[in-house]
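A, B, ... follow the sequence lines: proteins, then strands. Residue 1 opens every chain.
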There are 2 protein chains.
Amino acid sequence: MRMTISDIAKLANVSKSAVSIVLNNKSGVSEKTRSKVLAIIEKYNYNPSQIAQSLAIRETKSIGLIIKEIDNPYFAKLMRGVYDECSNLGYSVLLGSSELSTEKETEIIKTLVSKRVDGVIISPLQSEESDFTYLHNLLNDNYPVVVLGIITNYSTNVVDIDHIKAAYDAVTYLINHGHKRIAHFAGPVHSGHGQRRLEGYKQALIDNSLQIDKNYIVPVEPYTPNGYEAGKELFSKNIELPTAVFCYNDLVAIGLINALTELGIDVPNSVSVMGFDNIDFGKYVKIPLTTIQMPAYEIGKTAANLLIKQINNSSSPLVEKVILEHKIIERNSVSQNS
Amino acid sequence: MRMTISDIAKLANVSKSAVSIVLNNKSGVSEKTRSKVLAIIEKYNYNPSQIAQSLAIRETKSIGLIIKEIDNPYFAKLMRGVYDECSNLGYSVLLGSSELSTEKETEIIKTLVSKRVDGVIISPLQSEESDFTYLHNLLNDNYPVVVLGIITNYSTNVVDIDHIKAAYDAVTYLINHGHKRIAHFAGPVHSGHGQRRLEGYKQALIDNSLQIDKNYIVPVEPYTPNGYEAGKELFSKNIELPTAVFCYNDLVAIGLINALTELGIDVPNSVSVMGFDNIDFGKYVKIPLTTIQMPAYEIGKTAANLLIKQINNSSSPLVEKVILEHKIIERNSVSQNS
DNA sequence: CAAAATTACTAAACCGATTTAGTAAATCCA
DNA sequence: TGGATTTACTAAATCGGTTTAGTAATTTTG
């Protein structure tokens, strides 16, 4: 069986307390005993149980990360950000993926809490079913949480960009390129980001005295095939067609471009397409994407940093809201409208 | 403070044992007490500590997953496979990313073991520095492990494809398309997969009586920019140029295609390019990629399933090697050579 | 040099669960 | 009816660490 602290203590002819002291590099033993114990530890390759430790010190040095989808370039980057930061600061990350199910989301949190993670970072679902009871409970328990998005009525730590402003900027960019009929392939209902981006889209139109046309707002699941389908459908309609489309994300934009190309519609000269996220692949796609950069890696990194700061500072539970900068990445999918 | 089993016991006027029995749905208490206890648990939203549980039952219901890079479409898919399966079977996953550093790899394993995961899935680095001591130790401790690749001299569970055969098939496919001068943008040294694919490449040439030309074998880090650089360099050389390139992975292939396009070389008509992995994006790229499909999701899923099977069956530590099928995905980056 | 302070060490309690062994009461059965 | 089982329950030990309180020995200090 695996070595325990008692085994080591016996072998070194000291008490468990002494071994614990050298393990934690505290003072209270002579150099002589310290090295004696260290030698035994080395010799038997003793690796203390973090489980037992955690039970005693009530800390697991693990955090929970709940995203919506693991294989999604945006979340992958974000994950890497939190992983890197956690790694640097000595924390492990327990992975959770809600896969757009509110029940799963709640269940994951329950599991993470039962595993006593020291805190959680969550990219929350925000549909009608979301009652955020779990958040309420976490906050009630004074649990360190950072939310990757804004949930109205809850005072939590936040790391995000200003989606409204970002969408506003994207649409303004299109308007500045002479576009007047601008459609929006909007995010799904369960997405808080989607709602905010839609808001920014509308505001930009209003501020430029452009009509908001319901036909031009089409909600789309945030994947390439859905962008493709929606593109095929919209651009086959017998209505006055848009000259530009602002997409919920790059994945959708790529699907849309594919659809347009198949329909023989030139991108960007007949229709301009704007994405969102700036995933790595946007560069390499048929028509390199003009898009808004979401600093996914930084969001992850910042969130982890903030969370761990809160963990180590649980006395002062002040709430921080970090809004990171977005920017427009100009490539080839948008052109001047004549 | 958070409720403990003792608190619940006191509140329900029973012993801790009784509470434990109802928590674990065992027999030994009357229906009356069971529902009494259940009511208290419900009322106080009691969530038992898996940490304490784990210490007692010596099981954490967590596994460790060690990959090389989190944001890498191949690993992201794979991760999702292991996550899904673990989720279904009631296990959590602790994430580890070695980022191509042997030291990090070893350190991660140490952390995972100290957290007492029930088993680990690893996509191992295989450079000269790798001495696999950690693997040796894990195996010695009779620790359930599944390796995503083949490490010679170690008898471990394996889930992988036959890389030699896959590369052989890819190159044969190029040969069948009339290509005789076929280059290989080979994987990095730290990659076992890379070594095997190179082997398959060579074998295919040999079996078809084609020369192996050292100039045609260029080792490349497995990212798009590296494929691009290597492409620029090779195709600017004053040598007899290849008519086809078999790339270590899709990322490299995409970079290469970009380089070729920039050099004014037509893909696939002047130079054919073959990738490896079949990442989702291969479809949407300028020249849709012809490639070999790595069943990343299935590899992950299978690995998790196998690992958990071994965990629950630790008595019979028989070793399983699962080799999954690959296949050629034909798109537009390869054409007949005239 | 004696009292005070420090150092080196340990026994025992504790963290929050499970499990074993044991007891009293209820039920079975012949 | 009365001994054997079964049922319902609990006290105490245990998992593998940390921490507190205490003791004996050594060092400091005025």
J.: Expected output is a numbered-order residue list: members of residues 111-120 of chain B with a heavy atom under 4.0 Å from any atom of DNA chain C. What is it?
T.: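 Here the set is empty: none.
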
J.: Check the side chains of B:Lys115 and A:Ser92 for a donor-acceptor pair under 3.5 angstrom, ignoring hydrogens and angles.
T.: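 There is such a pair between these side chains.
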
J.: Tell me, do B:Pro124 and B:Leu135 make a side-chain contact under 4.5 Å, heavy atoms counted?
T.: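 With C-beta onward as the side chain, the pair stays apart.
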
J.: From NZ of A:Lys32 over to P of C:dA8, roughly how many Å is that when rounded to an integer?
T.: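 It is 12 Å, rounded to the nearest whole Å.
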
J.: Does the B:Glu99 side chain pair with the main chain of B:Ile70, one donor and one acceptor, at a distance under 3.5 Å?
T.: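 Not at all, since once roles are kept as given, no pair shorter than 3.5 Å links the two residues.
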
J.: Given side chains that start at C-beta, do those of B:Tyr74 and B:Ile299 come closer than 4.5 Å, heavy atoms only?
T.: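 B:Tyr74 vs B:Ile299: side chains touch.
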
J.: Measure from CD1 on B:Ile41 to P on C:dA17 and round the result to the nearest Å.
T.: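 For the pair B:Ile41 CD1 and C:dA17 P, the rounded distance is 10 Å.
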
J.: Salt bridge check: are A:Asp84 and A:Lys301 linked by an N-O gap of less than 4.0 Å?
T.: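 No.
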
J.: Any base atoms under 4.0 Å from B:Thr33, or only sugar-phosphate, or nothing? Heavy atoms, all strands.
T.: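 It contacts sugar-phosphate atoms only.
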
J.: Check this for me: B:Lys321, atom NZ, are more than 12 non-hydrogen atoms of other residues, nucleotides or ligands nearer than 6.0 Å?
T.: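 Atom NZ in B:Lys321 is packed in, count exceeds 12.
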
J.: Can you find a heavy atom in the side chain of B:Asp118 that is under 4.5 Å from one in the side chain of B:Pro144?
T.: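 Result no, sub-4.5 Å side-chain heavy-atom pair not found.
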
J.: For atom NZ of B:Lys10, is the number of surrounding heavy atoms from other residues, nucleotides or ligands below 6.0 Å larger than 12?
T.: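 No, because the 6.0 Å sphere around NZ of B:Lys10 holds 12 heavy atoms or fewer from other groups.
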
J.: Could you say whether A:Ser49 or B:Gly28 is positioned toward the 5' end of DNA chain D, judged by the nucleotide with the nearest heavy atom to each?
T.: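 Between the two, 5'-proximity favours B:Gly28.
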
J.: State whether A:Glu31 and A:Arg34 are salt-bridged, where the test is any N-O pair (Lys NZ or Arg NE/NH1/NH2 against Asp/Glu carboxylate O) under 4.0 Å.
T.: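 A salt bridge links A:Glu31 with A:Arg34.
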
J.: Which protein N or O atoms sit under 3.5 Å from an N or O of nucleotides 18-20 of chain C?
T.:
residue	atom	partner	partner atom	Å
C:dT18	OP1	B:Asn24	OD1	3.4
C:dT18	OP1	B:Asn24	ND2	2.8
C:dT18	OP2	B:Ser20	OG	2.4
C:dT19	OP2	B:Lys26	NZ	2.8
C:dT19	O4	B:Ser17	OG	3.2

J.: Should the pair A:Glu69-B:Arg80 be classified as a salt bridge under the 4.0 Å nitrogen-to-oxygen rule?
T.: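 Result for this pair is yes, salt bridge flagged.
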
J.: Taking heavy atoms of chain B and a 4.0 Å limit, find me the 5'-most and 3'-most nucleotide of DNA chain D within that range.
T.: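 Under 4.0 Å from chain B, the extent on DNA chain D is D:dA8 to D:dG16.
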
J.: At their closest point, which heavy atom of A:Ala303 faces which heavy atom of A:Leu148, and how far apart are they?
T.: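 Looks like CB-CD1, 3.8 Å.
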
J.: Just how far, in rounded Å, is P of C:dA17 from CG of A:Leu55?
T.: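 A:Leu55 atom CG is separated from C:dA17 atom P by 9 Å.
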
